[in-house]
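Presented below is the structure to which this report refers.
What's counted below: heavy atoms across the whole structure, side chains too, no hydrogens, waters or symmetry copies.
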Amino acid sequence: VIAREDDVAVEDKLFYGVETTDYDQPAVKSNEMVHKEDSEIEIRQCNNDNNKRLLVTGAITLIKNNIIAVIPGKVDYRLSFDIVPTGTVTTGPSSILHFTAGGDCCSFGHRTPAFWFATGNTRLQWRVGDSTNGDFGSEADALPLNVRTKVTLECKGKNVKLTVGEKVYTATQPTYRYAGNLIVYAGDPWYSAAKAVISNLRYKILPAAEVNEAVTSQRHYMSNLQDEEMNVAEKENMDN
């Protein structure tokens with residue numbers, strides 16, 4: 001395999017740089033393959049500055065510490081995948097997918113997002129993280145064993161929506177989510193891997209809903225400060 005300029009080295013391993021685009025448009029098949037033990041993962045990529053996506057085709061049997069990509073994460077995105085649970089893990093939560101800036105929990109960017117099955121069952125625990133709480137998220141009902149279920153997480157502005165099969169769960173983002181380079185695990189290094197197979201993994205960057213409140217407040221503050229400075233300068237000029 002020949003490394004390209006946009007390839008990324010993580011933990012002394014080489015992973016392909018993923019330039020991504022809107023998965024509603026036809027993808028251009030990459031010539032490179034990433035081989036992972038019992039699964040073969042194909043990363044498709046397109047070039048488009050406006051919309052971005054990661055598309056992984058093929059089934060992935062989850063294994064511990066299984067990095068499948070490094071991507072540029074954004075605040076607003078849609079993540080979807082199909083999952084077939086084949087059993088449960090009784091020793092603790094079991095990892096499905098984990099997008100992280102580098103750790104498990106609970107700094108900002110550690111779970112953005114992340115999914116597990118709860119201990120001893122298939123209740124879907126999910127986190128999207130927040131600037132005030134790196135573990136912000138919730139839990140969904142148990143998934144049926146040996147049945148394919150589609151999971152879609154959409155985060156846009158303050159609105160967070162998780163769709164699991166036909167059930168919809170919503171949450172309100174306290175402040176804002178992390179944006180930056182993310183390591184993508186299909187089975188993270190901190191928990192046992194879930195007994196499941198995932199497929200049709202898609203991550204799409206959405207157009208920004210609106211600037212978060214913290215940034216908006218900061219801009220208002222800076223604007224007001226500049227106005228005050230201008231008023232002071234004008235008053236000094238008049239006095240002179």
Side-chain angles (χ1 to χ4, degrees), residues 6 8 10 15-25 27 41 43-57 60 67-83 95-103 105-116 124-138 140 149-164 168-186 188 198-215:
D6 57 347
V8 181
V10 178
F15 299 91
Y16 302 123
V18 181
E19 290 191 32
T20 57
T21 191
D22 185 349
Y23 59 74
D24 294 330
Q25 301 298 324
I41 304 166
I43 296 179
R44 295 184 179 183
Q45 56 191 12
C46 293
N47 296 317
N48 185 311
D49 291 335
N50 296 321
N51 297 305
K52 297 177 179 294
R53 69 109 183 252
L54 167 69
L55 168 61
V56 178
T57 62
I60 306 171
I67 300 177
I68 61 171
V70 177
I71 65 170
K74 297 295 183 181
V75 172
D76 293 337
Y77 61 87
R78 181 187 301 120
L79 171 68
S80 64
F81 58 93
D82 296 336
I83 183 167
S95 174
I96 301 169
L97 284 170
H98 195 147
F99 291 61
T100 176
C105 189
C106 290
S107 295
F108 190 34
H110 280 180
R111 296 179 169 185
T112 183
F115 298 84
W116 303 261
L124 188 63
Q125 299 176 329
W126 56 281
R127 303 289 187 268
V128 298
D130 187 79
S131 67
T132 60
N133 177 9
D135 196 38
F136 171 73
S138 190
T149 301
K150 184 177 182 62
V151 177
T152 302
L153 173 66
E154 182 168 300
C155 298
K156 193 171 180 66
K158 290 283 190 178
N159 300 316
V160 178
K161 181 173 73 172
L162 179 73
T163 305
V164 182
V168 177
Y169 306 84
T170 60
T172 300
Q173 192 78 35
T175 58
Y176 55 94
R177 293 171 294 277
Y178 178 84
N181 287 338
L182 297 172
I183 305 167
V184 183
Y185 289 97
D188 69 26
I198 64 172
S199 58
N200 299 318
L201 172 62
R202 291 176 168 87
Y203 178 96
K204 176 184 177 182
I205 294 173
L206 301 175
E210 59 184 25
V211 181
N212 66 69
E213 291 182 0
V215 175

Aromatic ring pairing His98/Trp116, orientation class (parallel under 30°, perpendicular over 60°, tilted between): perpendicular
Distance in Å, Thr149 OG1 paired with Phe81 CZ, rounded so as to fall on 0.5 Å steps: 10.0 Å
Inter-residue atom distance Thr152.OG1 - Arg78.CZ, 0.5 Å rounding: 8.0 Å
Side chain to side chain contact (heavy atoms under 4.5 Å, CB included) evaluation trace for Phe115 with Leu79: CA-CA 11 Å; Phe115 298 84; Leu79 171 68; 3.6 Å; yes
Interatomic spacing from CG in Asp135 to CD in Gln125 - rounded to 0.5 Å: 9.5 Å
Euclidean distance, Tyr77 OH relative to Ile205 CD1, rounded to 0.5 Å: 11.5 Å
Sidechain-backbone polar pair: Lys156 side chain, Pro207 backbone, donor-acceptor under 3.5 Å: yes
Between SG on residue Cys155 and CD on residue Gln173, distance to nearest 0.5 Å: 6.5 Å
Partners meeting salt bridge (Lys or Arg N to Asp or Glu O under 4.0 Å) with Asp82 (sequence neighbours left out): none
Parallel, tilted or perpendicular, as decided by the 30° and 60° cut-offs, for the rings of Tyr178 and Phe108: perpendicular
Partners passing side chain to side chain contact (heavy atoms under 4.5 Å, CB included) against Thr132 (at least two apart in sequence or in another chain): Asp130, Pro174, Thr175
Of Thr163, Ile198, Leu124, the residue whose pairing with Val151 passes side-chain contact (heavy atoms from CB on, under 4.5 Å): Leu124
Pair Asp76-Glu154, side chain to side chain contact (heavy atoms under 4.5 Å, CB included): steps then yes or no: CA-CA 8 Å; Asp76 293 337; Glu154 182 168 300; over 6 Å; no
Neighbour count above 12 (heavy atom, 6.0 Å) for Lys161 NZ: no
Leu153 and Val128: CA distance, side-chain angles, deciding distance, side chain to side chain contact (heavy atoms under 4.5 Å, CB included) verdict: CA-CA 9 Å; Leu153 173 66; Val128 298; 3.7 Å; yes
Side-chain donor/acceptor of Arg177 to backbone N/O of Gly157, under 3.5 Å: yes
Minimum heavy-atom distance Ala101-Leu182, with the two atoms named: N-CD2, 3.8 Å
Residues in side chain to side chain contact (heavy atoms under 4.5 Å, CB included) contact with Ala179, at least two apart in sequence or another chain: Val75
Which atom of Tyr203 lies closest to which atom of Pro72, heavy atoms considered: CE2-O, 4.5 Å
Straight-line distance of Phe99 CZ to Arg111 CZ, nearest 0.5 Å: 14.5 Å
